[in-house]
Participant: 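Have a look at this one before I ask anything.
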2 protein chains.
Amino acid sequence: MEFQMSAADTRGQIVEAADRLFYERGFEATSFGDISSVTGLSRGNFYYHFKTKDEILEAVIERRLVDRSAMIRAWEGGQPADRISRFIEILLVNQTKIMAYGCPIGTLCVELSRLGHAAAPASVGLFGLFRDWLRRQFEALGRSEDADALAMHVLMRSQGVATLAATFKDEDFVRREVDDLKTWLAAQAPVAP
Amino acid sequence: MEFQMSAADTRGQIVEAADRLFYERGFEATSFGDISSVTGLSRGNFYYHFKTKDEILEAVIERRLVDRSAMIRAWEGGQPADRISRFIEILLVNQTKIMAYGCPIGTLCVELSRLGHAAAPASVGLFGLFRDWLRRQFEALGRSEDADALAMHVLMRSQGVATLAATFKDEDFVRREVDDLKTWLAAQAPVAP
DNA sequence: GACAATCTAGGTCAATTGTCCTAGAGCGGT
DNA sequence: ACCGCTCTAGGACAATTGACCTAGATTGTC
């Protein structure tokens with residue numbers, strides 16, 4: 001190579017490629033050869049930046065945590081119900097990818113949980129991020145009593161839509177369920193303004 | 001071996017073990033060595049009964065189709081709403097396994113769809129089985145107009161509950177969502193008897 | 001009891017896996 | 001120009017993978 005990249009850039013490149021591949025193919029199904037092909041970096045180079053494949057997974061989870069935190073932060077404006085709506089609309093914004101690969105968080109959690117992987121709890125933390133945030137929105141909506149249950153309900157329906165979208169690849173279904181979920185949401189406010 | 005099993009028994013033993021392992025670990029993550037350990041049969045023996053690993057997968061899908069068809073047939077008694085309730089209650093009956101490995105159909109469909117596996121459409125057929133059956137129940141319930149959409153809605157919520165159950169392993173959540181889904185179901189009948 | 005068909009065990013094969021090692025290229029400071 | 005540190009490439013490693021092969025054990029039929 002003529003020009004050497006800074007270590008941080010290379011590391012970021014690896015994590016970015018791994019993030020995408022872990023989503024599209026799954027963690028176990030993604031090999032170092034795959035990441036090597038995508039990044040153009042040699043396999044041996046990975047072991048300067050990471051000791052094991054599991055360490056790359058940790059970095060990917062951390063990257064997603066940062067990314068999703070920023071996403072949530074960008075939703076701060078507007079009423080609580082509008083913020084929840086933005087979460088629901090991820091299903092439309094990322095529709096193409098979801099129909100092809102499912103939900104990046106849900107699929108990862110199930111895969112890691114199933115294999116009893118050490119990083120499984122960390123991946124659940126990704127869900128926890130949205131769960132806590134949704135709970136706070138429902139609290140702000142005046143539903144402090146069952147805020148967490150409502151948050152789980154929204155997560156549940158998002159996951160269900162993502163799974164069936166990846167299975168049947170039906171755009172109308174996604175649109176319909178997003179509308180239905182929004183209708184449900186509108187009925188959750190205990191008082192009208 | 002002292003006693004030779006009939007070919008059908010051996011084949012069935014392989015498919016049964018593969019069915020369980022494909023569920024618990026996933027298709028790709030399950031090796032011939034794993035199936036060999038569980039069944040006590042030699043690796044080489046598999047290739048007398050199946051040409052490839054994909055052929056075992058086809059047999060597993062076929063086995064599940066037969067199994068789920070029988071399950072559905074056993075629900076024939078009672079009112080349409082009661083039958084749909086039995087479907088919903090799978091989440092409680094198989095709660096332990098679902099909390100450990102997710103839904104056997106949903107996880108398989110997503111894995112095969114993601115990898116672009118040739119057997120992906122066949123696995124979607126497993127969903128189709130329940131989808132069609134649920135649609136017929138909603139038609140019998142007097143909801144011919146949107147019967148399929150209602151069927152997909154029930155499937156969607158089941159998948160969502162299964163995914164979050166496998167993620168958070170929260171029994172109360174499952175119980176709560178099953179109750180909620182039944183409440184929703186009770187509100188779907190256009191006329192009371 | 002002998003024979004042919006059916007079934008099984010175990011070995012071998014090339015390919016791929018995650019991991020490790022080392023030579024050396026690129027870089028910043030002197 | 002030199003040196004030491006950071007970074008990279010490419011090969012080697014043992015282990016595991018799905019697939020294939022073949023000798024022989026078991027079985028049913030005559």
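Values reported hereafter were calculated over all heavy atoms of this structure, with side chains retained and with hydrogens, waters and symmetry mates removed. So you know, we letter chains A, B, ... as the sequences are listed, proteins then strands, and number each from 1.
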Participant: Taking the six-membered ring of A:F27, is NZ or CZ of A:K53 closer than 6.0 Å to its centre and within 45° of its axis?
Facilitator: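 Verdict for A:F27: a cation-pi partner in A:K53.
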Participant: Could you go over nucleotides 19-21 of chain D and give all protein N or O partners under 3.5 Å, atom names and distances?
Facilitator:
residue	atom	partner	partner atom	Å
D:dA19	OP2	B:Y47	OH	3.0
D:dA19	OP2	B:K53	N	2.8
D:dA19	O5'	B:Y47	OH	3.3

Participant: Please determine whether a side-chain nitrogen or oxygen atom of B:H49 lies at a distance below 4.0 Å from atom OP1 or OP2 of C:dT6.
Facilitator: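 Checking C:dT6 against B:H49, no side-chain N or O comes under 4.0 Å of OP1 or OP2.
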Participant: B:F130 and B:F87: aromatic ring centres closer than 6.0 Å?
Facilitator: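 Yes, close enough.
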Participant: Mind calculating the distance between CG (A:L115) and C1' (C:dG18) to the nearest angstrom?
Facilitator: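 Answer to the nearest Å: 16 Å.
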Participant: Between B:Y48 and C:dT8, is there a side-chain N or O to OP1/OP2 distance below 4.0 Å?
Facilitator: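 Answer no for this pair, as no side-chain N or O of B:Y48 is under 4.0 Å from OP1 or OP2.
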Participant: Could you tell me how far apart B:I35 (CD1) and D:dG18 (C1') are, to the nearest whole angstrom?
Facilitator: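 In whole Å, D:dG18 C1' and B:I35 CD1 are 11 Å from each other.
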Participant: Are B:E139 and B:R135 within salt-bridge range, i.e. N to O under 4.0 Å?
Facilitator: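 Salt bridge between B:E139 and B:R135, a charged N being under 4.0 Å from a carboxylate O: yes.
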Participant: I want to know whether B:F22 and B:Y101 have ring centres closer than 6.0 Å.
Facilitator: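 No - the distance between ring centres of B:F22 and B:Y101 does not fall below the 6.0 Å cut-off.
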Participant: Check the phosphate of D:dG10 against A:S42, side-chain N and O only, distance under 4.0 Å to OP1 or OP2. Yes or no?
Facilitator: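 A:S42 to D:dG10 OP1/OP2: no side-chain N or O under 4.0 Å.
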Participant: For the backbone of A:G106 and the side chain of B:T163, can you confirm whether one donor and one acceptor N or O come within less than 3.5 Å of each other?
Facilitator: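 No: the side chain of B:T163 does not pair with the backbone of A:G106.
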Participant: Any salt bridge between A:R20 and A:E16, counting N to O under 4.0 Å?
Facilitator: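 So A:R20 does not pair with A:E16 through a salt bridge.
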Participant: In this structure, how many angstroms lie between the P atom of C:dT6 and the CG atom of B:D9, rounded?
Facilitator: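 Spelled out: CG on B:D9 to P on C:dT6 is 17 Å.
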Participant: Would A:R131 and B:F168 count as a cation-pi pair here, with the cationic atom under 6.0 angstrom from the ring centre and within 45° of the axis?
Facilitator: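 So A:R131 does make the cation-pi contact.
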Participant: May I have the distance from B:L41 (atom CG) to D:dA25 (atom C1'), rounded to whole angstrom?
Facilitator: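 Between C1' of D:dA25 and CG of B:L41: 15 Å.
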Participant: End-to-end bend of the helix from C:dG1-D:dC30 to C:dC27-D:dG4 (five-pair axes, 10° rounding)?
Facilitator: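 Answer rounded to 10°: the end axes differ by 0°.
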Participant: Distance check: side-chain N/O of A:T10 vs OP1/OP2 of D:dT8, anything under 4.0 Å?
Facilitator: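 Result: yes.
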Participant: Closer than 4.0 angstrom, basic N to acidic O: yes or no for A:R143 and A:D146?
Facilitator: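 Between A:D146 and A:R143 there is a salt bridge, with a charged N closer than 4.0 Å to a carboxylate O.
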Participant: Could you give the CZ-to-P distance, from A:F46 to C:dC21, as a whole number of Å?
Facilitator: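 Distance, rounded to whole Å: 18 Å.
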Participant: So what does A:S36 touch, heavy atoms closer than 4.0 Å: a base, only the sugar-phosphate, or nothing?
Facilitator: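 If one applies the 4.0 Å heavy-atom cut-off, A:S36 turns out to touch nothing in the nucleic acid.
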Participant: Following the transitive rule for hydrophobic clusters with a side-chain heavy-atom cut-off under 4.5 Å over Ile, Leu, Val, Met, Phe, Trp and Tyr, establish whether B:V110 and A:L126 coincide in one cluster.
Facilitator: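 B:V110 and A:L126: separate clusters.
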Participant: Compare side-chain N and O positions of B:S31 against OP1 and OP2 of D:dT17 and report whether any pair is under 4.0 Å apart.
Facilitator: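 It does, given that an N or O in the side chain of B:S31 lies less than 4.0 Å from OP1 or OP2 of D:dT17.
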